[in-house]
Amino acid sequence: MKRIQKLSEADFLRLFFALVSLAFLAAAVCMPDRNQMLWGLWQVISQPSKLSTNYFAVGGYAATFLNIGLVGLISLALFGIFRATPNNVSNLAFLLTLGFSAWGINILNIWPTVLGVMLYCLVKRAKFGSMVNAMLFSTGIAPLLTDLMIRYPYAEAVGFNLEGILIALVVGIAIGFFLPAGMAFSPQVHKGFDLYSAALPIGMMAFFINAVLFKTLGVTLPDGADAAQLEVASRLTVNVFCCILFGGCVVLALLLGCKPRDYGKLLTNPVHVTSFSGTYGNAVFLMNVGVFGLFILAYYNLVGIAFNGVTMGIIFCMLATSNSGSHPGNVWPIMVGYLLVSLLSSWLSGMAGGSFSQPIDAQAICVGLCFANGLSPVAGKYGWPAGIVAGAMHYLLVTSVPNLHGGFCLYNGGFTAALVCILLVPQLECFARTREEKLKTKA
C-alpha cells in the first residue's frame, strides 16, 4: 500500500487503467454465457453499431465485458508503447472509450482513426505520446467506420468487403488526421465549459461526412438499432459489477489515506478544478471515482431505466469526467434541470395535444443526461441555478442533434453540450455573477 501511495499521478493512472480493464475481463469469464464469448465478440465486431446498439443483445454479456476489457488494454498499451504520460484528460479519454465499448466501439473499428492521428504526428513531426489522448477520442466516430466496412451504400449489412474496408480506412484516416487541429480549437468555442471537448470536432466531422456520403450522393441513410434490442438487460449484472468496482475504489481510497474532509474540500471548492488527481492527490481522485460512480448508479436505479449495455456504458462515460471537474456536488443541478423539463414537457405536450415520448427514464434521455454532465463547470462556476438551466437546455436539444450526424457520432451528448455553451455561456458572462464573486460580496 505504501508503494501505491508514493506513485506519481501518471503511474497511478496507469495502474488504475490496468485494474479497471482487468475487472471487465474477470467479469467476462464470470458471465453465464461465457462459453459463447468469442462467437459473441465476432457478432459485436461484424454487426452495425449506430446509436444506440446494445452489445448485450448483439453478442451477449460475456462478449460485451470481453470487448470492454480488451479495448481498455489496447488503450493502456498505446500509452505504454508511445511512452505517453497519462493525466486527467487521459482519464477522460480512457473511461469514455471504455464506456462506449459497450455500445458502439469494438476492437476493430477503433483503428482507422487511430492510424489517422499517427499520420498527423508523422506529418507534423509531433511525438506519438503527445497524441494518445487524441487517438482515443478519435474513436467517437467508430460506428460510421463499421457501417462503411459492412453495408455502405446498402441499407442492410452485406458483410466485410474490400471496397468497404478501403472506404473506411480512407475516411477514418482522414478524420483522425484532421482531429487534433479541431481539438485544439474546440475550447475557444465553449470556453472550457464542456468537459467533453473533443465532442465538438468529432460531431462536426460526423455532420460533414453524413452530408457527403449520404445526403449529397442520395444514398439512403440506414436505420439504427432496433429498439427491441434495448430490452435485453440485467439490473443484477450491472449493479453487482459496478457496486464491487466503485465500492472497491472507495475502500482503496480510504486505505491510501483519503479522509472525508479531504473529499469535502473537492465538493465545496468554489473554483473550478480541472485535475483532481493533480490538485488533491491520487487518493481523493479515487474516492471521487467511487462516490461519483455509486451516485450515478443510484440515479439510474432511481429513475428505473433498463440496465442494458448502453446503460452500463453511459455510467462509465459519465464517470469519465471524474478527474476533470465533475462530482456529485456540481452534477445534481443538471439532473434537476433534466427532471423539471421532462415534467414540464409532458404537461405542455398534453395541453397541446402532442405525443410526449421523452420521459426521464427513456433511454435517449438517460444517455443525454450522461453527457449533460459535461456541463458541470457551468454549475461549478455560476452556481446551481445556472446548472439547472444548462441541464434543461441540454434536455431540449439532445434528441434532435442526431439528425445532423445520422447517428454515427457517439459523442452526441457532448456535441449537444457544446451547442448549449454557445447559447448559454455568453449570457451568463453578461448577466450572472460567479460563485467566487458572490462569496466576495458576502464577505
Side-chain angles (χ1 to χ4, degrees), residues 49-57 64 95-96 98-104 140 143 195-196 199 224-239 241-243 246 292-322 326 328 331-346 356-376 387-388 390-402 407 409-417 420:
S49 54
K50 281 183 65 176
L51 296 179
S52 297
T53 300
N54 175 18
Y55 281 174
F56 283 174
T64 301
L95 287 180
L96 201 58
L98 217 65
F100 280 126
S101 298
W103 60 297
L195 296 180
Y196 300 105
D226 186 350
Q229 274 191 358
L230 299 176
E231 297 175 4
V232 178
S234 174
R235 182 177 299 273
L236 178 64
T237 298
V238 177
N239 273 273
F241 176 78
C242 289
C243 284
F246 301 147
F292 192 29
L294 292 171
F295 175 78
I296 298 166
L297 184 66
Y299 171 82
Y300 285 128
N301 273 287
L302 185 64
V303 299
I305 189 175
F307 278 85
N308 49 42
V310 178
T311 302
M312 185 176 75
I314 61 178
I315 290 172
F316 287 89
C317 289
M318 193 169 182
L319 192 64
T321 59
S322 59
S326 290
V331 169
W332 72 261
I334 295 167
M335 292 178 168
V336 171
Y338 255 65
L339 177 61
L340 291 178
V341 177
S342 175
L343 295 174
L344 180 62
S345 298
S346 176
F356 179 69
S357 61
Q358 303 297 343
I360 199 65
D361 62 342
Q363 188 78 61
I365 295 303
C366 287
V367 172
L369 174 64
C370 159
F371 294 97
N373 156 73
L375 292 166
S376 56
I388 291 176
M393 293 177 66
H394 196 278
Y395 173 97
L396 294 169
L397 293 177
V398 72
T399 55
S400 298
V401 173
C409 177
L410 290 172
Y411 296 167
N412 177 71
F415 183 37
T416 305
V420 171

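These numbers come from a predicted model, not from an experiment. Atom set for the values below is all heavy atoms of this structure, side chains included, hydrogens, waters and symmetry mates excluded.
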Calculate, to the nearest 0.5 Å, the distance between atoms CD1 and CE belonging to I334 and M393 respectively. 12.5 Å

Partner set under side chain to side chain donor-acceptor pair (under 3.5 Å) for S234, not counting sequence neighbours: T237

Please lay out, stage by stage, how L339 and Y395 fare under the test side chain to side chain contact (heavy atoms under 4.5 Å, CB included). CA-CA 9 Å; L339 177 61; Y395 173 97; over 6 Å; no

For the rings on F246 and F295, is their centre-to-centre separation under 6.0 Å? no

Which residues pass the side chain to side chain donor-acceptor pair (under 3.5 Å) test with T311, sequence neighbours left out? N308, Q363

Scanning both residues in full, the closest heavy-atom pair of S376 with L195 reads OG-CD1, 3.4 Å

Nearest 0.5 Å, please: how far is CG in L369 from CD1 in I314? 8.0 Å

When the ring centroid of Y411 is compared with that of F100, is the distance short of 6.0 Å? yes

Please give me the minimum heavy-atom distance between S52 and V310, naming the atom from each residue. CB-CG2, 4.0 Å

Under 3.5 Å, is there a donor-acceptor pair between the side chain of Y300 and the main chain of C366? yes

Are any of the side-chain heavy atoms of V331 and M318 separated by less than 4.5 Å? yes

Could you check if a side-chain atom of V367 sits within less than 4.5 angstrom of a side-chain atom of W103, using non-hydrogen atoms only? yes

Evaluation steps, side chain to side chain contact (heavy atoms under 4.5 Å, CB included), between F307 and L236: CA-CA 8 Å; F307 278 85; L236 178 64; over 6 Å; no

Smallest heavy-atom separation, N54 atom then Q229 atom, equals ND2-O, 2.9 Å

Could you report the tightest heavy-atom contact between N373 and S326, atom names first, then the distance? OD1-OG, 3.2 Å

When you measure from the side chain of S342 to the backbone N and O of Y338, does any donor-acceptor pair fall under 3.5 Å? no

Side chain of T64, backbone of Y55: donor and acceptor closer than 3.5 Å? yes

Would you compute the distance between atom NE2 of H394 and atom CD1 of I365 and round it to the nearest 0.5 angstrom? 10.0 Å

Stepwise side chain to side chain contact (heavy atoms under 4.5 Å, CB included) test for N301 and R235: CA-CA 9 Å; N301 273 287; R235 182 177 299 273; 2.9 Å; yes

Mind listing the closest non-hydrogen atom pair of L297 and C242 along with its distance? CD2-CB, 3.9 Å

For T53, enumerate each residue passing the side chain to side chain donor-acceptor pair (under 3.5 Å) test, keeping only those at least two apart in sequence or located in another chain. none

Taking all heavy atoms of F356 and all of S345, pick out the closest pair and write down the distance. CE1-CB, 3.6 Å

Hey, does the side chain of T416 reach the backbone of N412 with a donor-acceptor pair shorter than 3.5 angstrom? yes

